[in-house]
Asks: 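To start, I am sharing the structure in question, which I have written as structure tokens.
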Amino acid sequence: MTTSTGFDIRRIGGRIGAEVLGVALSDDLDPALVSDINSALLEHKALVFRDQQLDDAAQLRFASLFGELTTAHPTVPSVDGQPSILPVNAEEGIRANRWHTDVTFVRSPPKVSTLRGIVVPPYGGNTLIANAGAAYQDLPQPLRELADKLWAVHTNDYDYAAPPKDEKAAEHRKRFISRKYRTAHPVVRVHPESGERGLFIGGFAQSFIGLGPSESRDLLRIFQSYVIRPENIVRIAWSPGDVVVFDNRITQHYAPDDYGDLPRLLHRVTVAGDAPAGVDGERSYVLEGDEAGHYTPAAP
């Protein structure tokens, strides 16, 4: 498909994902082009821009077209001298091989995440992204009605990655939970731009308000099984210089730890989002910690 501003979009998954052809992200992008890219992101949930060869400054400039940037992470240090860039570095023990949505343990998680491939293993190291809106539509009506009413507690105080294998990984884990956050989010989030409903759970969701641990585990497993159905997932194989953008409001992602001791380095830049709203319009609220104002600008 060719857009009105002249770039091509090629679907790479049946329900999620597209490659964008004919756009150089290092250029100054016209507002109409940016609008078309954002429309494509809303439709496809995840976009891939191949062989862009950006530097840090260009990635920051591109990400800022979607809105105000967050700092790198609420607890994990940024790239030296770049407060808005998070290094996703396998050598530092950062192997998030569990389905999650970025930073949902704070009240206002990012709306968009951008990833740039810098060092890519010759095999493995892909990124899987799932469409949480399609998952909601897949639910049988009784489960959908239940999900509409539920709220989940999201927290960073658990190990969403593999158990630490060495001292570096253990140190990363210690930093990750150095400040504890617990936030209540609606299980069904209404997308603020498209109005689409999606399951807003993932690895940081650990329990449901009003339910015990056993019931929470069982229901989370059921709901999550719809998110990670194969038909709802796109698998992205990286090459150095690739840029991937995904809508953090209605996706989950996963980076399989399947490349042994090989190096893998991505840089992540996230765009500030709002506090999620449920089907009744109620917004997320803090249970423990703070509004994470040092991480993301204040939002409704």
Side-chain angles (χ1 to χ4, degrees), residues 11-18 39-48 96-105 109-113 115 126-155 160 183-209 211 215-236 244-256 273-284:
R11 296 177 72 108
I12 55 176
R15 292 184 170 186
I16 180 174
S39 295
L41 181 62
L42 292 176
E43 179 180 355
H44 299 289
K45 312 296 191 291
L47 301 177
V48 183
N97 56 320
R98 182 165 181 170
W99 286 103
H100 66 285
T101 298
D102 281 337
V103 201
T104 61
F105 49 85
K111 78 179 216 181
V112 170
S113 294
L115 291 172
N126 298 169
T127 296
L128 281 63
I129 307 176
N131 184 342
Y136 176 79
Q137 292 300 323
D138 286 344
L139 291 175
Q141 187 64 28
L143 282 179
R144 207 182 302 167
E145 292 175 357
L146 174 61
D148 286 344
K149 301 172 185 176
L150 289 172
W151 285 68
V153 178
H154 295 236
T155 181
Y160 83 109
T183 300
H185 290 301
V187 168
V188 177
R189 180 178 189 177
V190 178
H191 195 288
E193 291 186 70
S194 69
E196 187 176 2
R197 296 183 182 186
L199 290 176
F200 197 67
I201 43 177
F204 296 116
Q206 293 293 290
S207 62
F208 292 117
I209 290 178
L211 299 180
E215 294 91 344
S216 292
R217 283 192 299 269
D218 288 344
L219 277 175
L220 280 168
R221 178 186 56 79
I222 291 170
F223 289 134
Q224 184 67 14
S225 72
Y226 283 85
V227 177
I228 60 174
R229 283 180 163 183
E231 59 266 36
N232 290 335
I233 296 171
V234 64
R235 177 184 284 265
I236 297 169
V244 174
V245 183
F246 51 88
D247 190 332
N248 201 57
R249 298 164 291 188
I250 198 163
T251 61
Q252 292 183 27
H253 56 282
Y254 179 102
D274 62 348
V279 298
D280 60 358
E282 292 296 314
R283 291 191 179 271
S284 305

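Being a predicted model, the structure only gives us computed values, none of them experimental. Starting from 1, each residue takes its place in the sequence as its number. Side chains included, hydrogens not; waters and symmetry mates left out as well; all remaining heavy atoms used.
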Asks: Could you state the interatomic distance from OG (S216) to CZ (R221), rounded to the nearest 0.5 Å?
Replies: 13.0 Å

Asks: Which value, rounded to the nearest 0.5 Å, describes the distance between K111 atom NZ and L41 atom CG?
Replies: 9.0 Å

Asks: Is there a donor-acceptor pair closer than 3.5 Å between any side-chain N or O of N131 and the backbone N or O of R15?
Replies: yes

Asks: Please check this pair: side chain of N232 against backbone of Y226, looking for a donor-acceptor N/O pair closer than 3.5 Å.
Replies: yes

Asks: How far does NZ of K45 sit from CD of Q252, to the nearest 0.5 angstrom?
Replies: 14.0 Å

Asks: Can you check side-chain contact (heavy atoms from CB on, under 4.5 Å) on I129 and V244, steps first, answer last?
Replies: CA-CA 10 Å; I129 307 176; V244 174; 4.0 Å; yes

Asks: Is the NZ or CZ atom of R144 both under 6.0 Å from the centre of the six-membered ring of Y136 and within 45° of that ring's axis?
Replies: yes

Asks: Q224 and G202: which non-hydrogen atoms are nearest, and at how many Å?
Replies: OE1-N, 3.8 Å

Asks: So, taking the atom named OG1 in T251 and the one named CG in L199, what distance separates them when rounded to the nearest 0.5 Å?
Replies: 12.5 Å

Asks: When you compare the side chain of R11 with that of E43, does any pair of heavy atoms fall below 4.5 Å?
Replies: yes

Asks: Between the side chains of H253 and D102, is a donor N or O closer than 3.5 angstrom to an acceptor N or O?
Replies: yes

Asks: Spell out, as yes or no, whether a donor-acceptor pair under 3.5 Å connects the side chain of Q206 to the backbone of G203.
Replies: yes

Asks: Please tell me if the side chains of L150 and F223 come closer than 4.5 Å, counting only heavy atoms from C-beta onward.
Replies: yes

Asks: Nearest heavy-atom pair of V103 and F204: which atoms, and what distance?
Replies: N-CE1, 3.9 Å

Asks: State, yes or no, whether a side-chain contact exists between T183 and T104 at a heavy-atom distance under 4.5 Å.
Replies: no

Asks: Please report the interatomic distance CD(E145) to CD(Q141), rounded to the nearest 0.5 Å.
Replies: 4.5 Å

Asks: Determine whether the side chains of H185 and S284 contain a donor N or O and an acceptor N or O closer than 3.5 Å.
Replies: yes

Asks: Would you call R283 and D274 a salt bridge, using N to O less than 4.0 angstrom?
Replies: yes

Asks: Do L146 and L219 make a side-chain contact, defined as non-hydrogen atoms from C-beta onward lying under 4.5 Å apart?
Replies: yes

Asks: Between T127 (side chain only) and A255 (backbone N and O only), is there a donor and an acceptor less than 3.5 Å apart?
Replies: no

Asks: What is the minimum heavy-atom distance between N126 and P256, and which atoms define it?
Replies: O-CD, 3.4 Å

Asks: Output the distance between atom CH2 (W99) and atom CD1 (I201), rounded to the nearest 0.5 Å.
Replies: 12.0 Å

